[in-house]
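Atoms considered below: every heavy atom in the structure, side chains included; atoms not considered: hydrogens, waters and symmetry mates. First listed ligand is number 1; within each ligand, the first listed atom is number 1.
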Amino acid sequence: MKKIAVFPGSFDPITCGHASIIRRALPLFDKVIVAIGVNTLKSNYFDLETRINMIQAVFADTGKVSVQSYSGLTIDFCKQVNAGFILRGLRTSADFEFERSIGQINKQLQEDIETVFLLTQPEHTALNSSIVRDILRYKGDVRKFVPAAILPFLQ
Ligand code: ADP
């Protein structure tokens, strides 16, 4: 059976932190599906299509990454796409506590799906999409924080 991992998030926009976790996961899985969770109550900075296009541009060099959107429970999406793994990144102890409860509950809901955690690279610990959005709002320079392939989408 193919090893398929789902990497869920809102990716508004994808950052170097997200991209690094995905790249580092490639040797571990046959396929990584970047899954953009759609929450109709949440307003986003970039629309869904742009977020999908940005992620596809970052991983245009590999056939192992695909991008899809989903709504509802992540484990239900995993079942739909035959994924046995949920991939998550850990930045801080706060991330760990948050992820621990979601991971443990997901395990109770769906025994055969494992959550796999990769520790962030130290240089990405402070990075998140919300900081990038703040910098963009005030026309700051985000080049250190996002993959170069998404820069054309920011103009
Ligand atoms: P969003 O895309 O809305 O920021 P999350 O914060 O849930 O969504 O991020 C999706 C996944 O990416 C989570 O597993 C999160 O830990 C991971 N992640 C986010 N930022 C980083 C980062 N800077 N380094 C490593 N992993 C990260």
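Looking at Arg24, its side chain does come within 3.5 Å of a backbone N or O of Leu119 through a donor-acceptor pair. Counting only distance, with no hydrogens or angles, the side chain of Arg88 and the backbone of Pro8 share a donor-acceptor pair below 3.5 Å. Judged purely by atom type and a 3.5 angstrom limit, Arg91 uses its side chain to pair as donor or acceptor with the backbone of Leu127. Judged by distance alone, the side chain of Lys64 and the main-chain N or O of Leu26 form a donor-acceptor pair under 3.5 Å.
Within a 6.0 Å sphere centred on NZ of Lys79, other residues, nucleotides and ligands contribute more than 12 heavy atoms.
Remark: minimum distance from atom 7 (O) of ligand 1 to any protein heavy atom is reached at Arg88 NH2, 3.3 Å. The nearest protein atom to atom 3 (O) of ligand 1, hydrogens excluded, is given as Ser10 OG, 2.3 Å; this is a heavy-atom distance. Ranking the protein heavy atoms by distance from atom 24 (N) of ligand 1 puts Thr120 OG1, 2.9 Å first. Scanning the protein for heavy atoms near atom 26 (N) of ligand 1, the closest one is Ile21 CG1, 3.5 Å. Closest to atom 9 (O) of ligand 1, if we only count protein heavy atoms, is His18 NE2, 3.6 Å. For atom 16 (O) of ligand 1, the closest heavy atom belonging to the protein is Gly89 O, 2.5 Å. Ranking protein heavy atoms by distance to atom 2 (O) of ligand 1, first place goes to Phe11 N, 2.7 Å.
In Gln121, neither the side chain nor the backbone holds a heavy atom less than 4.0 Å from any atom of ligand 1. With a 4.0 Å heavy-atom cut-off, ligand 1 is reached by the backbone of Leu127 and by its side chain too. Counting heavy atoms closer than 4.0 Å to ligand 1, residue Pro8 contributes backbone atoms (N, CA, C, O) but none from C-beta onward.
Interatomic distance, OG1 of Thr120 versus CG of Leu90, reported as 9.0 Å (0.5 Å rounding).
Distances shorter than 4.0 angstrom do not occur between any heavy atom of Cys16 and any atom of ligand 1. In this structure, Asn128 falls outside the shell of residues with a heavy atom less than 4.0 angstrom from ligand 1. The shortest heavy-atom distance from Phe7 to ligand 1 is under 4.0 Å.
Using bins of under 30°, 30° to 60° and over 60° for the plane-to-plane angle, the ring pair Phe7/His18 lands in the perpendicular bin.
At a threshold of 4.0 Å, the pair Arg23-Asp61 counts as salt-bridged, since one of the basic side-chain nitrogens sits closer than that to a carboxylate oxygen.
Shortest non-hydrogen contact noted between Ala57 and Phe153 is CB-CE1, 3.9 Å.
Looking at Lys42 next to ligand 1, no N or O pair under 3.5 Å apart turns up.
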